[in-house]
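When a ligand or atom number is given, it counts from 1 through the structure's own listing order. A quick note: this is a predicted structure, and the numbers were derived from the prediction, not measured. Index from 1, following the sequence.
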Amino acid sequence: MGALFHPQSPQAEAISTLFQYVLLLAAIIFLVVSALVVYSILRYRARPGATEPRRTFGSRKAEITWTAIPLLIVSALFILTVRTMAFVDAPRQPTQAPDLNITGHQWWWEARYPNGAVTVHEIHIPVGRRLLAEIQSADVIHDFWVPQLARKMDAVPGRSAYIWLEADTPGTYQGTCSEFCGMQHAWMRFQIIAESEPQFSAWVEHQAAPPPPPGAGLPAEGARIYQQKCQDCHTRNGPSLDHIASRKILGGDLPNTPDNLARWSATPQSIKPGNHMPDQPLSPQDLRAVVAYLGSLP
Ligand code: CUA
């Protein structure tokens, strides 16, 4: 709710303005109707010696008035809404290629950029530039929503939808899935990180580059275990872990610390029950090695 009053993009601003117009109109109607009801209750209440009030039948003037006023109000709302939609909505069949592709999975969000960069939970955008984002789903219906930046958009399996994604000021904006999509729907969180154009370019290039080879010792041992036990799933349908050490959050809402990385690697089911990654029976030594390896993927 608070986000509606603190929009941070031209599109969110337009939605917020429309919301405030509707709220104002609804408040005026509420006050007028309440005042009339209270007036009638007091004016025509039963009193000793009071007669029945006069009844009016078939008043053309009254009929026209109470048809015309609501018609005017609804027309004004209609025009305001259509104008806002024209400004806020991306074309349904855009002629330009999308600037990024966002895919909903149970229960994480993935973003792919044209240069090959792939990220999870944290979507970076350059500040002040309007991006065309393609929204898709890998499994069930999700709904992509960053209240301060853009309208909601359903992610429907087998279809592409498009939104404008833009931020006026640098910062981190909270996003959430807003269509019930199963057990961990509530924790299908993500962040949009808006940064300056040079910072964004550096980030997107870094994310597209292959991670460096693991260092000798524990990270190399971890890489070996990772290839045996994790890699297959994480390249086929699980989230990409390249550059996982550069991310601030894990699993949608967990700070990316070595402790949390170890907890998530070994017992993801106790953190996000029902998620598609099974608990991993790793020895403490193997777990340390895997965490050392993942922690070395900047
Ligand atoms: Cu995805 Cu709710």
Side-chain angles (χ1 to χ4, degrees), residues 1-4 7-9 11-12 15 19 88-90 92 98-113 117-125 131-167 172-194 207 233-242 244 247-256 260-261 263-265 267-279:
M1 186 70 185
L4 265 173
Q8 293 293 334
S9 78
Q11 294 78 21
I15 294 171
F19 171 74
V88 167
D89 289 353
R92 279 195 199 178
D99 297 298
L100 75 165
N101 170 288
I102 297 168
T103 304
H105 298 255
Q106 282 175 319
W107 288 275
W108 48 285
W109 294 96
E110 176 181 50
R112 291 175 178 275
Y113 295 77
V118 181
T119 182
V120 177
H121 309 311
E122 294 175 20
I123 301 170
H124 289 235
I125 60 171
L131 301 186
L132 181 67
E134 179 181 25
I135 310 288
Q136 290 175 312
S137 168
D139 36 44
V140 301
I141 301 178
H142 302 278
D143 187 285
F144 182 85
W145 192 32
V146 197
Q148 284 182 282
L149 301 186
R151 57 161 297 176
K152 286 182 182 175
M153 183 51 84
D154 272 1
V156 180
R159 290 186 53 178
S160 287
Y162 298 88
I163 58 165
W164 298 123
L165 198 53
E166 182 171 2
T172 300
Y173 302 96
Q174 303 301 325
T176 185
C177 178
S178 106
E179 173 80 39
F180 181 72
C181 55
M183 212 165 161
Q184 293 297 336
H185 155 71
W187 295 110
M188 199 171 155
R189 301 285 178 86
F190 62 98
Q191 296 181 339
I192 299 278
I193 296 162
Q207 297 290 321
C233 186
H234 274 277
T235 27
R236 265 189 301 114
N237 39 30
S240 160
L241 301 183
D242 294 355
I244 185 175
R247 297 180 201 151
K248 292 189 200 70
I249 47 176
L250 299 171
D253 62 316
L254 206 60
N256 187 2
N260 283 340
L261 192 55
R263 273 178 66 210
W264 183 274
S265 305
T267 55
Q269 290 301 324
S270 65
I271 301 170
K272 237 176 165 177
N275 89 77
H276 294 314
M277 174 168 165
D279 283 351

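Annotation: salt bridge (charged side-chain N to carboxylate O under 4.0 Å, His left out) contacts involving residues 155-164, sequence neighbours excluded, are absent.
Protein N/O/S atoms closer than 2.8 Å to atom 2 (Cu) of ligand 1: C177 SG, E179 O, C181 SG, H185 ND1.
Under the salt bridge (charged side-chain N to carboxylate O under 4.0 Å, His left out) criterion, R236 pairs with D232, sequence neighbours left out. In this view, H234 satisfies the ring pair (Phe, Tyr, Trp, His ring centres under 6.0 Å) rule with no residue, not counting sequence neighbours.
Within a 6.0 Å radius of CZ in R112, other residues, nucleotides and ligands contribute 12 heavy atoms or fewer.
Looking only at atom types and distance, the side chain of E110 has a donor-acceptor partner in the side chain of H105 under 3.5 Å away. Under 3.5 Å, the side chains of Q136 and S160 contain a donor-acceptor pair of N or O atoms.
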